Every structure is written in structure tokens, then in C-alpha cells.
Amino acid sequence: MESNSGGNDVELMCKTLQVEHKLFYFDLKENPRGRYLKISEKTSATRSTIIVPSNGVSWFLDLFNYYVNSEEQDSFSKELQLDAKVFYFDVGENRRGRFLKVSEASMSRNRSTIIIPAGSTRDEGWAAFRNILAEINEALVFIMSNQQNSEASERLVGLSDDVGAGFIAGHSTQSTPSEIPVDRSADLPAQDEINNNLGASSKVIRVDQKRFFFDLGSNNRGHFLRISEVTGPDRSSIILPLSGLKQFHEMVTHFVEISKDKIEGMASANVRTVDPPQR
């Protein structure tokens, strides 16, 4: 996602970080084409900027976690594919110390690079950079979750009072099974206890090209967890009574265990390890 110069960009969040002699500016913005994160590196003599699509912030966070937590000898170069862009992550060292070079390459703009010093002790520079990415990612999760809830509320009219409604197809005429048993005698948390912690009651994860939203809610029939799957313009949801959450967890855990070897062998479709770097 590129910033345009038409004056339509809206700032959603701004952060500043100083690492050694450098200043880094993080600007989360939105325009009619979508959201993006602009990261600028400024020294006394130069300024460089990379533009990260909003769907790439979580990937950047994962990669910075990787570099912060890896031993020096175990750090590999990485390539991250995001839409029509490729970002290159390379660890280097000079007289000032270790650094991480992040380069953006795309067809629409010249290659741009920022260089983040590791910091003097325990990669504190990378960790501080990672922490700001985490804050921005949480802000995006909050924005997307609110947007998802607003849109979903329109689709769930007539069904939101049924905690045990089962599968709710966003683009289907399939009837919802009303005979699903719901144990309403289970002890449930108070609604104000759920709402007091937004970070715990609303989460989102991204898997390949899909996003999954997890939202705690309640109505006159009890408390529930709504799990929504979003792929492009398509959306579908399931409503899980909290009385069944433990069983749901046990079932998912079962399939994680029997698929452990396959899961551990899966490489990220977006991130590729490069050893040694050839650029």
C-alpha cells in the first residue's frame, strides 16, 4: 500500500523511537486504498522510508521476534513476500556493532532501506523496535475487530439471540440447526468482567489469506464466543456457547497433537530463509 500525495491520508497512530544516533518514525495511516504503516529512519544527513501494507505488520512483528530471540550465530537472512512487494531482512555488523537491514523492493517505487542498530545490550534496539510494532499490531487488531463486529451485527439480525445457533453462513441460505443442545447451567463470568478486558475478549489471527476473529459476547440467553472467518469479501461465523468452550479446546488440542509432525514441518508461505544472502 503506497501513500498518495492527494491529501486523503488519515493518521491513525504515530510513534517515535530513538536507537543510538537514529530516529525512527512509525506512522499508521489510512486512505481510500487501505491502511499502511510508514516507517522512516532519520539521521543527521539522510532519511529513508519503507511502506508496509497493514496485512504485513504482524509478519514484521514475527520476524523481529525471531531476530530478538535468535542467537547471533543462528540468525538467517529472510525474505518476506507481501502482495507485490518483497522485503529483505539481513543481519550485518560494522564498527558500531550489529544491525538489521530491512529493504523494500517493488515495481512501483525505487528500492528503499532502513537500518536498525541492535543496541548496546541484549539487542535492546531491536527489542524496542519490536515493541512498537506490537503496539501498532494491537491497534490494527482493535480497528479490524470493531469493523468486523459492526459489519457482523448487520448480518446476525434475527440470530444474535440464539447462543446455540450453530453455523451462520454470511453468503448462504443454509438453515441453522436449532436443535443443538446448550447447557445453560454452567457457571459463566459476569458480562462486566468480560467487557473490562478488551484485549482478552477480542482477538484476531491471520492464516494464509484468511483472518479469524474471536469475540466474546452475551445476550439474553447467555455468554458465547463468536469465531468469524474472513476471506476477502466473504465472511462466515460460528457461535459457541461458553459452556462448550472447554470441549472445543480439548478437540482442537487433540487434532494439534495428532498433526504435530505436519504442523512443525510447515514453512511460512510468506517468509523464506536465505542463507547466505546473495545481494
Side-chain angles (χ1 to χ4, degrees), residues 1-3 11-29 35-140 267-268 270-279:
M1 175 61 55
E2 307 291 350
S3 169
E11 288 192 356
L12 303 177
M13 186 176 185
C14 299
K15 291 285 183 180
T16 304
L17 171 68
Q18 181 167 359
V19 181
E20 296 181 354
H21 63 293
K22 297 186 176 186
L23 279 174
F24 294 92
Y25 299 94
F26 301 76
D27 298 295
L28 181 62
K29 297 190 176 187
R35 302 184 189 99
Y36 64 93
L37 175 62
K38 182 173 74 171
I39 306 176
S40 300
E41 169 201 335
K42 186 178 185 301
T43 66
S44 58
T46 62
R47 185 182 183 110
S48 310
T49 298
I50 62 173
I51 305 294
V52 184
S54 62
N55 64 356
V57 173
S58 61
W59 291 105
F60 263 64
L61 178 57
D62 288 344
L63 281 165
F64 269 84
N65 272 326
Y66 164 76
Y67 286 110
V68 169
N69 296 321
S70 294
E71 297 295 332
E72 182 175 347
Q73 65 274 14
D74 297 329
S75 297
F76 291 92
S77 295
K78 300 283 186 180
E79 291 182 4
L80 172 63
Q81 176 79 46
L82 290 174
D83 302 326
K85 295 184 176 186
V86 180
F87 293 89
Y88 301 96
F89 293 73
D90 294 304
V91 175
E93 189 167 0
N94 57 24
R95 60 184 178 84
R96 293 179 180 268
R98 297 175 71 221
F99 60 85
L100 179 62
K101 181 172 68 173
V102 182
S103 301
E104 171 198 342
S106 68
M107 297 293 293
S108 59
R109 64 196 301 257
N110 294 332
R111 185 159 175 159
S112 184
T113 299
I114 63 173
I115 296 177
I116 305 101
S120 57
T121 58
R122 299 186 62 182
D123 299 335
E124 61 183 358
W126 295 351
F129 202 99
R130 183 269 315 274
N131 292 342
I132 289 184
L133 288 173
E135 290 183 45
I136 294 170
N137 189 58
E138 284 295 320
L140 281 169
S268 167
N270 287 53
V271 179
R272 185 168 70 93
T273 299
V274 182
D275 181 36
Q278 299 296 319
R279 298 179 305 285

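Predicted model only: the values in this text are computed from it and were never measured. Below, all heavy atoms of this structure are taken into account, side chains as well, without hydrogens, waters or symmetry copies.
Remark: Ile132 CD1 to Leu17 CG distance equals 4.5 Å, nearest 0.5 Å. Note that the CZ atom of Phe89 and the OG atom of Ser75 stand 13.0 Å from one another [nearest 0.5 Å]. To the nearest 0.5 Å, atom CD of residue Glu104 and atom CZ of residue Arg111 are 10.0 Å apart.
Side-chain atoms of Thr46 do not come within 3.5 Å of backbone N or O of Lys42 as any donor-acceptor pair. The closest donor-acceptor contact from the side chain of Tyr66 to the backbone of Phe76 lies under 3.5 Å.
In terms of heavy atoms, Ile114 sits closest to Ser48 at CG2-O, 3.9 Å. Ser103 and Thr113 make their closest contact through OG-OG1, 2.8 Å (heavy atoms, listed as atom of the first residue, atom of the second, distance). Across Asn65 and Arg130, no two heavy atoms sit closer than the pair OD1-NH1, 2.7 Å. The shortest non-hydrogen separation linking Leu133 to Phe26 is CD2-CE2, 4.4 Å. The minimum heavy-atom distance linking Lys38 with Thr49 is given by the pair CG-CG2, 3.3 Å. Nearest heavy atoms, Ile51 versus Lys85: O-NZ, 2.8 Å.
Asp83 has its side chain within reach of Asn55: a pair of non-hydrogen atoms, C-beta onward, lies under 4.5 Å apart. Side-chain contact between Met13 and Leu140: absent, with no pair of heavy atoms (C-beta onward) separated by less than 4.5 Å. No side-chain heavy atom of Phe99 sits under 4.5 Å from any side-chain heavy atom of Glu20. Between Tyr67 and Lys78, the closest side-chain pair of non-hydrogen atoms falls below 4.5 Å.
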Quick one, Ser77 with Asp90, criterion side-chain hydrogen bond (donor to acceptor under 3.5 Å, both in side chains). Give me CA distance, side-chain angles, the key distance, then yes/no.
CA-CA 5 Å; Ser77 295; Asp90 294 304; 2.6 Å; yes
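For Ser44, there are no side-chain hydrogen bond (donor to acceptor under 3.5 Å, both in side chains) partners two or more places apart in sequence or in a different chain.
Shown are Leu82, Ile136, Asp62; of these, the side-chain contact (heavy atoms from CB on, under 4.5 Å) with Val57 is made only by Ile136. Evaluated for a ring pair (Phe, Tyr, Trp, His ring centres under 6.0 Å) with Phe87, the options Trp59, Phe64, Phe60 yield exactly one hit, Phe60.
Within 6.0 Å of CG in Asn110 there are 12 or fewer heavy atoms belonging to other residues, nucleotides or ligands.
Ion pair Lys15/Glu135 flagged as a salt bridge, since at least one NZ, NE, NH1 or NH2 atom sits closer than 4.0 Å to an Asp/Glu carboxylate oxygen.
Ring orientation note: the planes of Phe24 and Phe129 are nearly perpendicular, at an angle over 60° on the 30°/60° scale.
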